[in-house]
Amino acid sequence: MATQSPSPAIRIGQGFDVHAFGDGDHVMIGGVRVPHERGVLAHSDGDVVLHALCDAMLGALALGDIGRHFPPSDPQWKGADSRAFVRHCNQLLAEQGWRIGNADVTVICEKPKIGPHAQAMRAAIADDLGIALDAVSVKATTTETLGFAGRGEGIAAQAVCLLVRA
């Protein structure tokens, strides 16, 4: 029987989330309320950036996904602030001896425009993770009018994070 080598001092996780647009006058993106002619259909506040980030954090430690920790079937998460999800995931990391080295998030949508809000999103995420602002990247891309995002039917985000031993 082969012996297992020790776990490396770093881990990488990636996450993805998507929500359809619905009724509303704003979307929560990266912990920031962004005015928009539509809201999102979601059980919580539907923050695709923070949901993707949670999945990246949880995935790096093989702890499942956000739905396992905050199931949409559980009424306590109805309308929940996704920043609480990030703080919870960060606590799970700390309990296992890890911390975020950096996080990189891409928002995928035609609208709303992310650029004017990206710095506030970075600040909110850095605050919730207890890390320096320069360790958080938030950027955006369109799909050149292709697919559900291009047709304005919804919004998506992908996230990657690097964990380092605390």
Side-chain angles (χ1 to χ4, degrees), residues 1-20 27-32 34 40 42-72 74 77 80-110 114-115 117-144 146-150 154-166:
M1 182 168 153
T3 59
Q4 292 182 338
S5 60
S7 179
I10 62 170
R11 290 192 179 183
I12 298 170
Q14 69 86 32
F16 179 81
D17 193 50
V18 62
H19 285 287
V27 289
M28 293 302 298
I29 309 174
V32 175
V34 177
V40 294
H43 187 68
S44 67
D45 65 6
D47 191 322
V48 293
V49 163
L50 299 185
H51 294 180
L53 181 58
C54 286
D55 272 347
M57 295 166 70
L58 293 166
L61 290 182
L63 294 177
D65 60 31
I66 192 171
R68 177 175 156 197
H69 293 263
F70 308 100
D74 189 334
W77 306 122
D81 181 348
S82 294
R83 291 184 73 181
F85 298 171
V86 171
R87 291 189 293 267
H88 175 79
C89 291
N90 201 40
Q91 181 62 38
L92 291 175
L93 298 181
E95 289 170 2
Q96 293 200 23
W98 297 90
R99 65 178 174 79
I100 295 283
N102 75 299
D104 182 25
V105 180
T106 304
V107 185
I108 305 161
C109 63
E110 299 295 322
I114 302 304
H117 309 282
Q119 288 302 103
M121 293 174 194
R122 290 179 63 215
I125 293 167
D127 184 56
D128 287 340
L129 295 175
I131 61 176
L133 183 64
D134 69 356
V136 178
S137 171
V138 174
K139 57 198 181 303
T141 190
T142 69
T143 61
E144 302 294 332
L146 299 173
F148 77 89
I155 186 169
Q158 57 187 22
V160 177
C161 69
L162 174 72
L163 304 187
V164 295
R165 290 224 186 264

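It should be emphasised that the depicted structure is a prediction, and the values quoted were computed from it without experimental measurement. Atoms considered below: every heavy atom in the structure, side chains included; atoms not considered: hydrogens, waters and symmetry mates.
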* Non-neighbouring partners of H19 that pass side chain to side chain donor-acceptor pair (under 3.5 Å), sequence neighbours left out ->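 Partners of H19 by the side chain to side chain donor-acceptor pair (under 3.5 Å) criterion, ordered by chain and then number, come out as D17, H51.
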
* Could you tell me which residues satisfy side chain to side chain donor-acceptor pair (under 3.5 Å) with E144, sequence neighbours excluded, listed by chain and number? =>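 E144 satisfies side chain to side chain donor-acceptor pair (under 3.5 Å) with no residue once adjacent residues are dropped.
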
* **Under 3.5 Å: donor-acceptor pair, side chain of D55, backbone of I66** =>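 Pair found, side chain donor or acceptor close to backbone of I66.
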
* Look at the side chain of T143 and the backbone N and O of L146, then say whether any donor-acceptor pair between them is shorter than 3.5 Å. =>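 Such a contact is found between T143 side chain and L146 backbone.
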
* Taking all heavy atoms of S82 and all of G46, pick out the closest pair and write down the distance. =>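 Closest approach of S82 to G46: OG-N, 4.5 Å.
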
* To do: Would you please test L162 and I10 for side chain to side chain contact (heavy atoms under 4.5 Å, CB included) and show each step?
  => CA-CA 7 Å; L162 174 72; I10 62 170; 3.9 Å; yes

Residues that [X] engages under side-chain contact (heavy atoms from CB on, under 4.5 Å), provided they are two or more places apart:
| X | value |
| --- | --- |
| V34 | V27, I29, V32, P112, H117, M121 |
| L61 | R11, L63, L93, Q96, W98, L163 |
| Q91 | E95 |
| P72 | H43 |

* **From V18, V48, V49, residue fulfilling side chain to side chain contact (heavy atoms under 4.5 Å, CB included) relative to I155** =>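 Answer to the side chain to side chain contact (heavy atoms under 4.5 Å, CB included) test with I155 among V18, V48, V49: V48.
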
* Show your working on side chain to side chain contact (heavy atoms under 4.5 Å, CB included) between L50 and I125 and close with a plain yes or no. => CA-CA 8 Å; L50 299 185; I125 293 167; 3.8 Å; yes

* **ring-ring contact (aromatic ring centres under 6.0 Å, His included) partners of H88, counting only residues at least two apart** =>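 Scan of H88 (ring-ring contact (aromatic ring centres under 6.0 Å, His included), adjacent residues dropped) gives F70.
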
* **Side chains of S137 and N102 in contact at under 4.5 Å (non-hydrogen atoms)** =>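 With C-beta onward as the side chain, the pair stays apart.
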
* Asked: Within a strict 4.5 Å, meaning less than it, do heavy atoms of the L129 and M57 side chains meet?
  ->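 Side chain of L129 against side chain of M57, heavy atoms only: contact under 4.5 Å found.
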
* Residue pairs passing the salt bridge (charged side-chain N to carboxylate O under 4.0 Å, His left out) test where at least one lies in residues 121-140, sequence neighbours excluded ->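 Qualifying pairs: R83-D127, R83-D128, R87-D128, D104-K139.
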
